[in-house]
Amino acid sequence: MQRVTVQLVAGLIAAVLSLLAQQCWADGGGLSLAERVIWAVNSGGESHVDVHGIHFKKDPLEGKLGKASDYGMRLPILRSSPEDQILYQTERYNEDTFGYDVPIREEGDYILVMKYAEVYFAQSQQKVFDVRLNGHVVVKDLDIFERVGHSTAHDEIVPFSIRRGKLSVQGEVSTFNGKLTVEFVKGYYDNPKVCALYVMKGTLEDVPKLQPHPGLEKPEEEEEEEEDSEGGEEGGKKKVPAGSKNRVQSGPRTPNPYAADNSSLMFPILVAFGVFIPTLFCLCRL
């Protein structure tokens with residue numbers, strides 16, 4: 001009887017471990033980053049394998065929709081490794097809304113990563129557009145130059161999940177029919193575009209990060225000031241302007257040594273009296 005009980009317990013443990021392993025595998029655990037990617041495209045460019053092993057296919061919209069541009073090939077792209085700058089140097093744009101269809105057959109947690117770089121305009125409010133995911137606006141008023149500046153890599157990362165025939169993204173839910181439609185929506189400023197994009201299984205922690213940009217990093221002192229000023233009027237604290245902590249006040253470095261000396265004011269008066277009295281005496285004698 002005891003042997004049967006031990007065998008039963010061991011069987012139950014093995015079954016539970018097997019289920020956990022299958023769930024972990026379904027959620028992307030145990031797979032490399034490249035194996036988690038289910039779809040990737042180098043928009044406006046040729047196929048490319050990046051430093052993480054992700055295979056970006058040649059743009060399937062070539063000759064069908066929009067225009068491909070390699071204008072960025074003449075520029076180095078900040079925040080991107082030399083091997084993968086090609087992903088930000090080519091792009092596809094269109095004079096109207098356009099997009100890609102991504103087939104997804106399994107349930108789970110997913111991440112959409114869209115790669116951008118502004119290689120033409122040199123100021124903000126020149127190219128602004130939205131991004132939709134199956135009708136849900138997931139990126140609003142994207143102005144690449146305003147975010148990171150010129151010829152600088154920028155990734156927009158959107159997590160979403162598919163469960164029981166439903167797509168959930170940013171708190172919104174809709175029916176999912178096996179096809180993810182990523183649309184770049186025409187706005188008031190120029191044309192929508194994208195440089196590259198991919199869809200992978202996993203969470204935000206699994207997405208490779210871009211290299212840091214010195215111009216976008218806040219100094220430690222500034223971050224501390226912002227933390228101290230949190231709460232606004234409710235906290236009774238006034239926000240300290242950036243850079244005011246080390247600001248040097250204008251004016252002389254040392255006070256005027258004669259500022260509190262009254263004798264400096266009396267001296268010209270005495271001189272005036274010394275000149276005026278003899279002059280008056282002479283005039284009286286005339």
Side-chain angles (χ1 to χ4, degrees), residues 26-28 33-34 36-45 50 52 54-57 59-62 64-68 87-88 90-118 127-144 146-148 153-210:
D27 291 339
L33 176 62
R36 295 184 187 189
V37 174
I38 64 171
W39 186 92
V41 161
N42 180 23
S43 300
D50 74 357
H52 306 287
I54 300 175
H55 186 273
F56 290 82
K57 299 182 297 183
D59 195 342
L61 295 183
E62 181 63 34
K64 299 177 181 178
L65 181 63
K67 299 178 181 179
L87 294 174
Y88 299 91
T90 64
E91 63 184 53
R92 178 165 297 279
Y93 68 92
N94 192 36
E95 296 177 354
D96 200 353
T97 299
F98 77 103
Y100 296 86
D101 291 330
V102 184
I104 299 180
R105 299 180 178 84
E106 297 180 359
E107 295 186 348
D109 296 321
Y110 290 88
I111 303 288
L112 167 65
V113 179
M114 296 168 286
K115 297 182 176 292
Y116 296 97
E118 182 53 70
K127 180 186 289 292
V128 183
F129 58 94
D130 297 343
V131 179
R132 285 196 304 240
L133 202 63
N134 281 32
H136 305 280
V137 177
V138 293
V139 181
K140 182 69 175 175
D141 295 330
L142 175 59
D143 188 331
I144 305 165
E146 186 178 51
R147 297 283 184 91
V148 295
H154 173 65
D155 288 354
E156 285 287 338
I157 303 172
V158 180
F160 65 95
S161 64
I162 298 172
R163 297 278 192 280
R164 299 178 180 179
K166 299 292 183 180
L167 167 70
S168 300
V169 58
Q170 297 182 355
E172 299 180 359
V173 180
S174 62
T175 302
F176 185 72
N177 59 4
K179 182 176 67 175
L180 186 75
T181 300
V182 185
E183 293 180 293
F184 307 97
V185 184
K186 172 75 172 182
Y188 293 107
Y189 300 101
D190 200 65
N191 303 310
K193 77 168 191 176
V194 66
C195 295
L197 66 160
Y198 66 88
V199 176
M200 62 172 287
K201 265 200 165 185
T203 61
L204 289 172
E205 291 73 20
D206 301 320
V207 180
K209 303 298 186 294
L210 290 171

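Counting begins at 1 with the first residue of the sequence. Please read these numbers as outputs of a predicted model, since none were measured by experiment.
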Colleague: List for me each residue that meets side chain to side chain donor-acceptor pair (under 3.5 Å) alongside Lys67, sequence neighbours excluded, and say none if there are none.
Modeller: none
Colleague: How many angstroms lie between CG in Leu204 and CD1 in Ile157, if you round to the nearest 0.5 Å?
Modeller: 7.0 Å
Colleague: For residues Ala117 and Cys195, report the shortest heavy-atom separation together with the two atoms involved.
Modeller: N-SG, 3.6 Å
Colleague: Determine the minimum heavy-atom distance between Phe129 and Asn191, stating which atoms define it.
Modeller: CD2-O, 4.4 Å
Colleague: Start with the C-alpha distance between Leu112 and Leu133, add both sets of side-chain angles, then the distance that settles side-chain contact (heavy atoms from CB on, under 4.5 Å), and finish with yes or no.
Modeller: CA-CA 9 Å; Leu112 167 65; Leu133 202 63; 3.7 Å; yes
Colleague: Do Arg92 side-chain atoms and Leu65 backbone N/O form a donor-acceptor pair below 3.5 Å?
Modeller: yes
Colleague: According to the interplanar angle, ranging from 0 to 90°, do the rings of Tyr110 and Phe160 count as parallel (below 30°), tilted (30 to 60°) or perpendicular (above 60°)?
Modeller: parallel
Colleague: Are there more than 12 heavy atoms of other residues, nucleotides or ligands under 6.0 Å from atom NZ of Lys64?
Modeller: no
Colleague: If you apply the rule side-chain contact (heavy atoms from CB on, under 4.5 Å), what do you find for Val131 with Glu183, and how did you get there?
Modeller: CA-CA 6 Å; Val131 179; Glu183 293 180 293; over 6 Å; no
Colleague: Give, for atom CG of Leu180 and atom CG of Asp101, the distance between the pair rounded to the nearest 0.5 Å.
Modeller: 8.5 Å
Colleague: Got Trp39 and Leu197 here, is their nearest side-chain heavy-atom distance under 4.5 Å?
Modeller: yes
Colleague: Assess whether side-chain contact (heavy atoms from CB on, under 4.5 Å) is satisfied between Val158 and Gln170, documenting all intermediate values.
Modeller: CA-CA 8 Å; Val158 180; Gln170 297 182 355; 4.2 Å; yes
Colleague: How about Tyr88 and Asp155: does a side-chain donor come under 3.5 Å of a side-chain acceptor?
Modeller: yes
Colleague: Among Lys193, Lys115, Lys127, which residue satisfies the salt bridge (Lys or Arg N to Asp or Glu O under 4.0 Å) criterion with Glu91?
Modeller: Lys193
Colleague: Is the shortest heavy-atom distance from the side chain of Ile54 to the side chain of Met200 under 4.5 Å?
Modeller: no
Colleague: Nearest heavy-atom pair of Glu62 and Ala68: which atoms, and what distance?
Modeller: OE1-CB, 3.7 Å
Colleague: Nearest 0.5 angstrom please: Arg105 CZ to Ile162 CD1, how far?
Modeller: 12.0 Å
Colleague: Would you call the rings of Phe56 and Tyr198 parallel, tilted or perpendicular if under 30° counts as parallel and over 60° as perpendicular?
Modeller: perpendicular
Colleague: Give the C-alpha distance, both sets of side-chain angles, the deciding distance and a yes or no for side-chain contact (heavy atoms from CB on, under 4.5 Å) between Val182 and Met114.
Modeller: CA-CA 10 Å; Val182 185; Met114 296 168 286; 4.3 Å; yes
Colleague: Once you round to the nearest 0.5 Å, how far does CG of Asp50 lie from CG of Asn42?
Modeller: 10.5 Å
Colleague: Quickly, which of Tyr93, Tyr116, Tyr100 forms a side-chain hydrogen bond (donor to acceptor under 3.5 Å, both in side chains) with Ser43? Name it, please.
Modeller: Tyr100
Colleague: How far apart are the closest heavy atoms of Thr97 and Lys186, and which atoms are they?
Modeller: OG1-N, 3.1 Å
Colleague: Answer yes or no: is there a side-chain heavy-atom contact under 4.5 Å between Val138 and Arg132?
Modeller: no
Colleague: Going by heavy atoms in the side chains, are Val173 and His136 under 4.5 Å from each other?
Modeller: no
Colleague: Nearest 0.5 Å please: distance from the CG atom of Asp206 over to the NZ atom of Lys201.
Modeller: 12.0 Å
Colleague: Closest approach of Asn134 and Thr181, non-hydrogen atoms and distance?
Modeller: OD1-N, 2.6 Å
Colleague: Which heavy-atom pair separates Gly165 from Glu107 by the least distance, and what is that distance?
Modeller: N-OE2, 3.9 Å
Colleague: Using 0.5 Å steps for rounding, measure from the CD atom of Glu95 to the CG atom of Asp190.
Modeller: 9.0 Å
